[in-house]
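Order of the sequence lines fixes the chain letters, A, B, ..., with proteins taken first and strands second; residue numbering starts at 1 for each chain. Computation of the quantities below employed the complete heavy-atom set of this structure, encompassing side-chain atoms and omitting hydrogens, waters and symmetry-equivalent molecules. Note that this is a predicted model, so its numbers are computed, not measured.
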Amino acid sequence: VSCRPETWTILDDGVLDAPTAIARDDAIGTEVAASLRGTTARLWGSSRALIVTQLERRFTAFQAAVERMEAQGWPVHIRPTGGGAFAIDSGTLNLSLITPRKSHFPEPCIEAAYGEICEIIAVALAHLGLRVSIGPAPRAFCDGRFNILFDGKKLAGTAQRWRGSHDGGYILVHAGIYVTTEPTIANDAVSEFYEAAQQAKSFDLDALTNVAEALGTTRSALDLMNAARDSLVSVLQNGGRSWHHDWHPTSHERIHSPHP
Amino acid sequence: MTNIVVPDGLWDTVTTPEGVVINWFFDDGASVEKGAPLVEIMVAKTQFQIEAPTAGRLTISAPIDTPVTPGSVLGVLQA
């Protein structure tokens, strides 16, 4: 499946509050759908927040869970993509790929869209020296088939939103990459949210990691975040292309070598 | 009468057997215009919106929480 644009318009929004950051994706998507903006790759960060989906919002005890988490410094916000609760903070680097439905991914291709964002991230992390794979992490929160894994541990999660029609809509593919987000803190927050919402869910801390931990680096958080951003921008400026010409988005657990 | 259908082949049903209806933007019996956002399904961590294929009066056959697969009829629009 070949569905990459030749060029991405790259936006780096820096760090925003979570509601603003989430709303920006929709605003940009609306412009992309109306052909007012080209296919866009957006990098953004956010203050600490739990971002949940429409499914969590329907929990009977949702409001009680929101109040409990907010009292602990975890504001809860609803995002328009699928999955489950996901914790983000200043150590999380978010990548949103926003494309028109009409001209980018051949429909239907939910899997191809995941494959593209995973490949971009995998190549960017390879530039940092990380060999990652793509696949499920069943013991991690917000699991899916298209996580970025290091040594089987979830390092980034992905989700999508398809809005509008084939002739006038947009596709948002989002990834939250844990660069320096502490797995313990994130896992505790998500676990407590579900407990407060009276949902029987249990997650394993050992199923999570972050880029800093995976690299075993002593670089500062800011330095590592900047390096991750620069690496993603570099890959995106190259059209998201990698040296792995035999890549296929359904090839789970494929290892991305940092060397061609 | 026009069916409101989950697009064929929208996802790989081998790895993800089914999705679920999570939201209707209109009540049963409402009059809707062509192109209006009608219904959302969630599958494979994707929230997928389906628009009204034509104008008409809405009859919902797959209420919220109904499992769906590609090709599932979610309702009809009667002109």
- Item | Winner by heavy-atom pair count (cut-off under 4.5 Å) against chain B, out of A:Leu172, A:Thr53, A:Leu55 | A:Leu55
- Heavy atoms only, distances under 4.5 angstrom: which of A:Gly84, A:Cys142, A:Gly157 has the most pairs with chain B? Name it, please.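 Between A:Gly84, A:Cys142, A:Gly157, the count favours A:Cys142.
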- For the residue pair A:Ser202 and A:Tyr194, confirm or rule out a side-chain donor-acceptor distance under 3.5 Å.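 No - no donor-acceptor pair under 3.5 Å links their side chains.
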- Query: Would a 4.5 Å heavy-atom cut-off, applied to side chains only, mark A:Ile177 and A:Val211 as touching?
  - Reply: yes
- Query: Does the side chain of A:Val52 come within less than 4.5 Å of A:Phe193's, by heavy atoms?
  - Reply: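 SC-SC contact between A:Phe193 and A:Val52 confirmed.
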- Task: Describe, in one word, how the ring planes of A:Phe141 and A:Phe86 are oriented to each other, choosing from parallel (under 30°), tilted (30 to 60°) and perpendicular (over 60°).
- Result: perpendicular
- Message: Please classify the contact of A:Thr158 with chain B as side chain, backbone, both or neither, using a heavy-atom distance under 4.5 Å.
- Response: backbone
